[in-house]
Enquirer: 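The structure is given below, and queries will be raised subsequently.
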There are 2 protein chains.
Amino acid sequence: MRQDGRLARMIHVLVHMGLLGGRETSERIAQMLNTNPVVVRRTMASLRQYGIVESEGGRGGGWSLTRPLAEITILDVQRALQGETILDAPLSNDHPSCPVERAANGKLQRAFESAEQTLEREFEQVTLAEIGEIAMASAQAEKRA
Amino acid sequence: MRQDGRLARMIHVLVHMGLLGGRETSERIAQMLNTNPVVVRRTMASLRQYGIVESEGGRGGGWSLTRPLAEITILDVQRALQGETILDAPLSNDHPSCPVERAANGKLQRAFESAEQTLEREFEQVTLAEIGEIAMASAQAEKRA
DNA sequence: CGATAGCGTAACAAGTAGTGTTACGGTCTA
DNA sequence: TAGACCGTAACACTACTTGTTACGCTATCG
């Protein structure tokens with residue numbers, strides 16, 4: 001099951017932004033992600049549409065969070081990037097009128113719905129603030145070592 | 001999250017084979033799936049490797065089940081097609097030494113593992129025989145209507 | 001008011017994965 | 001030995017994400 005890496009990348013960026021507190025330009029974010037400013041704008045635009053970040057043009061502009069990390073969950077980011085559905089049940093559509101195909105699709109559909117609910121609950125429980133804390137703690141631990 | 005349709009298609013085929021009882025050629029299976037015999041062989045080869053079906057070459061050859069539908073679960077088919085992992089956590093790998101990235105990946109990993117376990121349990125509970133029964137029942141219902 | 005630093009967006013190339021198709025070789029059986 | 005099978009390589013097609021270039025708009029600084 002392929003997935004796109006935008007979720008992980010955006011979480012990464014948002015946590016950095018929250019920890020640093022300020023405004024970041026697409027250019028700097030692109031460097032964090034080893035990518036291109038245009039890719040960043042493309043993806044951040046989804047987050048803006050969902051109200052997680054806002055952008056300002058012109059000199060001194062850039063991207064900033066609209067609320068603290070503690071009020072953003074992984075689920076929020078996921079929804080912003082991909083909408084309601086997280087997992088897509090891979091159904092077949094070769095003979096829509098075949099009862100066997102329909103029965104198989106039905107079972108698959110239900111199984112994926114269960115998994116999706118699990119994932120949703122997990123995503124809902126993790127705030128970006130938590131991720132920031134874990135990162136800070138492990139950075140500390142490394143420094144001591 | 002993209003998925004490939006092989007799981008649903010193979011379930012479809014296996015149930016048909018189980019209900020009809022006999023041996024099927026790649027040619028006939030390809031017709032069931034609106035596709036090409038080569039595609040069928042490619043995919044069936046994975047099932048054979050996992051011991052779900054066997055093939056015989058030569059005149060009168062073809063594919064057949066190695067055991068009854070009641071002894072094949074969706075999970076078996078899944079494993080045969082994709083191996084151990086069903087869901088692939090979409091992690092980022094832009095700065096492997098960055099503690100923020102690592103913390104984000106860790107949380108995502110854990111969430112996906114939960115979802116994978118759910119899916120696994122669901123897949124394990126459904127046998128192909130069940131799907132066959134549902135299909136037969138709904139075919140009956142349609143005939144009465 | 002103009003230069004500069006930003007974002008917004010379109011357009012296109014590149015990489016990836018599944019699928020469809022052709023071609024050819026091997027094997028079994030009538 | 002011919003024909004009906006599978007096995008497999010090779011290649012085109014499609015769809016999608018990502019990467020890149022190019023150009024336009026906007027806000028600020030000097």
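Keep in mind that the numbers below use all heavy atoms, side chains included, and drop hydrogens, waters and symmetry copies. In the text below, chain A, chain B and the rest are named by the order of the sequence lines, each starting its count at 1.
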Enquirer: Just by distance, with hydrogens left out, do B:Gln82 and B:Gln78 show a side-chain donor and acceptor under 3.5 Å apart?
Expert: yes
Enquirer: If only side-chain N and O atoms of A:Ser26 are considered, is one of them under 4.0 Å from the OP1 or OP2 phosphate oxygen of C:dC7?
Expert: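 Yes.
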Enquirer: Could you tell me which residues satisfy side-chain hydrogen bond (donor to acceptor under 3.5 Å, both in side chains) with A:Ser114, sequence neighbours excluded, listed by chain and number?
Expert: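 With neighbours one apart ignored, the set is B:Glu122.
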Enquirer: Report yes if some heavy atom in the side chain of B:Leu87 is under 4.5 Å from a heavy atom in the side chain of A:Leu87; otherwise report no.
Expert: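 Yes, close enough: below the 4.5 Å cut-off.
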Enquirer: Within this structure, what is the CG-to-C1' distance between A:Leu81 and D:dC16, rounded to whole angstrom?
Expert: 16 Å
Enquirer: What integer distance in Å separates B:Glu27:CD from D:dC6:P?
Expert: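 Going from CD in B:Glu27 over to P in D:dC6 covers 9 Å.
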Enquirer: Out of curiosity, B:Gln125 CD to B:Glu120 CD, how far, rounded to the nearest 0.5 Å?
Expert: 11.5 Å
Enquirer: Hey, what bend do you get for the helix from C:dC1-D:dG30 to C:dA30-D:dT1 if you fit axes on five pairs at each end, rounded to 10°?
Expert: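 One end axis against the other gives 10°.
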Enquirer: Starting from C1' on C:dC7, measure out to CE on A:Met44 and report it in whole angstrom.
Expert: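 Taking CE of A:Met44 and C1' of C:dC7, I get 12 Å after rounding.
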Enquirer: Between B:Thr25 and B:Trp63, do the side chains contain an N or O donor and an N or O acceptor separated by less than 3.5 Å?
Expert: no
Enquirer: May I have the distance from A:Leu47 (atom CG) to C:dG8 (atom P), rounded to whole angstrom?
Expert: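 That distance rounds to 12 Å.
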Enquirer: For B:Gln82 and C:dG18, what is the distance between atoms CD and C1' respectively, to the nearest whole Å?
Expert: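 Distance check: B:Gln82 CD to C:dG18 C1' gives 12 Å.
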Enquirer: It should be established whether A:Thr25 places a side-chain nitrogen or oxygen under 4.0 Å from OP1 or OP2 of nucleotide C:dC7.
Expert: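 Answer is no, no contact under 4.0 Å.
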Enquirer: Quiz question: by atom type and distance under 3.5 Å, do the side chains of B:Arg6 and B:Thr43 form a donor-acceptor pair?
Expert: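 No, B:Thr43 and B:Arg6 have no side-chain donor paired with an acceptor closer than 3.5 Å.
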Enquirer: Produce a footprint string for nucleotides 21-30 of chain C: one letter per nucleotide, 5' end first; B if the base is under 4.0 Å from any protein heavy atom, S if only the sugar-phosphate is, - if neither.
Expert: BBB---BBSS
Enquirer: Please determine whether a side-chain nitrogen or oxygen atom of B:Ser55 lies at a distance below 4.0 Å from atom OP1 or OP2 of D:dG7.
Expert: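 The answer is yes; a side-chain N or O of B:Ser55 sits under 4.0 Å from OP1 or OP2.
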Enquirer: Would A:Arg23 and A:Glu56 pass as an ion pair if we require N to O under 4.0 Å?
Expert: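 Yes, A:Arg23 and A:Glu56 are salt-bridged.
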Enquirer: Measure from CD on B:Glu24 to C1' on D:dC6 and round the result to the nearest Å.
Expert: 15 Å
Enquirer: How long is the line joining CG of A:Leu33 and P of D:dT20, in whole Å?
Expert: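 Those two atoms, CG and P, are 13 Å apart.
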Enquirer: Could you check how far CZ of B:Arg9 sits from C1' of C:dG20, rounded to whole Å?
Expert: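 Spelled out: CZ on B:Arg9 to C1' on C:dG20 is 10 Å.
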Enquirer: Would you call B:Arg79-B:Glu84 a salt bridge at under 4.0 Å N-O?
Expert: yes
Enquirer: Ignoring hydrogens and geometry beyond distance, is a side-chain donor-acceptor pair present between A:Ser92 and A:Glu101 at under 3.5 Å?
Expert: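 Side-chain D/A pair, A:Ser92 to A:Glu101: present.
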